[in-house]
Amino acid sequence: MDLIIKNGVIITAKDTYKADIGIKNGKIAVIGKEIEGSGEEIIDAEGKYVLPGAIDAHTHLEMPFGGTISADSYEAGTRAAACGGTTTVFDFALQQKGHGIIQTARERDELCAPQACVDYAFHVVISDLRPEILDEFQAAVDYGLPSFKVYMVYKKEGLMADDGVLCQVLEKSKETGALISVHAENPDLIDIRTDKYLKEGKTSAWYHYMSRPEFVEAEADKRAIHWAKSLNAPLYIVHLANKEGMEEVKRAKDEGYEIYAETCPQYLYFTSEVYKREDGRNFVCSPPMKGKESLDALWKGIKTGDISTIATDHCPFQSSEKDWGKDDFTKIPNGCMGIENMYPYMLSEANKGRISFNKAVEVCSANPAKIFGCDNQKGSIVIGKDADIVIYDPKKEFTISKNNMHSDVDYTIWEGVKLKGYPVMTLSRGKLVFKDGEFVGKPGWGKFLKRKIKR
Ligand code: DUC
Ligand code: ZN
Ligand code: ZN
């Protein structure tokens, strides 16, 4: 054994029990009562919870977007992830015109591999669908890249998939064992409403929300679900943020369709009221935060299992870049931070009694591992899996501030938010990468994950 974690309470999606964990060669080798050591390193987790590392299945690191590049590099983003108990990050690799799927992932990997502080995978964004791309689906799945995303928005930016594209990729995904994710909002409605507000001189961040309110997202959720049901193809809706969409997901799941919904901590904590604040532009992301009814519906969806996963959509921009839109909300680069906050926030809500700890582990770790096909390695504390482990102190009080975060961004929308309990250590494949508030890992440690989705 290389390391033994002693005296902690292990919490997985299914169980809570006291046991020791023995780690060898980066894997969980033994779980048992009072494992006897023979001189190896010991972590005493008395009074602490021992959890599987979180999986953030939705990030945009150093991504060209909104006239700039998102502010966290692969190094900064995965460093921050490690410090928030996230041990696997799924980033979006944007297909350039003329490029293939595997080529897109490989190009991104060249950038990511030397920087990654935790393990990572890519979802490839299909933005240039051609017959050759559909033909490449099987090869991509066989390569270990079984998840693709399409945008139902960003028409002017040349990223949008229309209904024809969406249906073709859904059908092909069913055939090949892939899973399609969608960013669901209606682009035409957004454009019409945006033009109207700009003409009326309504340019503050509030009109970012007003140009894409609840029904603009709900329509696209319903349309995507309609196509998935019609074609009997699985579908994953990213960053669901509205009540009507939530209800549609529930209906489809109750009817037996393979529909997954992800939401993000920002939709569970903030409402659209943030856009009335002086610093409202800092909260501009798409889809925007919605009203309290939507927030409540999302929490209900977590409890009922209709929300399958929590991820962050981490896509931060520096405050000077957000300032481009001081007098015109359309010039604000869209995106917020959260990669370091997801697990601590969800666990804190569990610690306050809103959900169980098992539920927090389920939505932040076990479910994304299963849905995206890396549950052979990740998502639980079981013999044979990677020793991606978080030691959590339920008694630690923590107030989020820019100064105690580990990303490269110069502010956080989470400033001042108080959490009950906080991670005190993170292990990535048995290696300590975060300890008592400090990053202790190293860039280049993280490995690309090849995956296979079981159906
Ligand atoms: N939404 C954002 O806010 N940022 C990145 C991409 C997206 O869809
Ligand atoms: Zn999106
Ligand atoms: Zn996103």
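In each ligand, atom 1 is the first atom listed, and ligand 1 is the first ligand listed.
Taking a 6.0 Å sphere around NZ of K229, one finds it holds more than 12 heavy atoms contributed by other residues, nucleotides or ligands. Heavy-atom contacts from other residues, nucleotides or ligands closer than 6.0 Å to NZ of K431 number more than 12. Residue-environment remark: NZ (K292) stays at or below the threshold of 12 foreign heavy atoms within 6.0 Å. Within 6.0 Å of atom CH2 in W227, 12 or fewer heavy atoms from other residues, nucleotides or ligands are found, so the atom counts as exposed in its surroundings.
The pair R79-D408 meets the salt-bridge criterion, since a charged nitrogen lies less than 4.0 angstrom from a carboxylate oxygen.
Ordered by chain and number, H58 NE2, H60 NE2, D313 OD1 make up the set of protein N, O or S atoms under 2.8 Å of the Zn ion (ligand 3).
Cation-pi geometry between K149 and F92 is met: under 6.0 angstrom from the ring centre, within 45 degrees of the axis.
When H123, H314, H60 are each tested for a ring pair (Phe, Tyr, Trp, His ring centres under 6.0 Å) with F90, only one passes: H123. Across T87, D386, D119, a single residue satisfies side-chain hydrogen bond (donor to acceptor under 3.5 Å, both in side chains) together with R429, and that is D119. When I55, L268, D56 are each tested for a side chain to side chain contact (heavy atoms under 4.5 Å, CB included) with I310, only one passes: L268.
Atom 5 (C) of ligand 1 has as its closest protein heavy atom C315 SG, 3.5 Å. Given atom 7 (C) of ligand 1, the protein heavy atom at minimum distance is Y154 OH, 3.2 Å. Annotation: atom 3 (O) of ligand 1 to nearest protein heavy atom, S286 N, 2.8 Å.
The contact set between ligand 1 and F65, taken as ligand atoms under 4.0 Å from a residue heavy atom, comprises 4 (N), 5 (C), 6 (C). Set against the non-hydrogen atoms of Y151, the atoms of ligand 1 under 4.0 Å away are 8 (O). Ligand 1 places these atoms under 4.0 Å from at least one heavy atom of N334: 2 (C), 3 (O), 4 (N), 5 (C). For ligand 1 and C285, the ligand atoms under 4.0 Å from any heavy atom of the residue are 3 (O).
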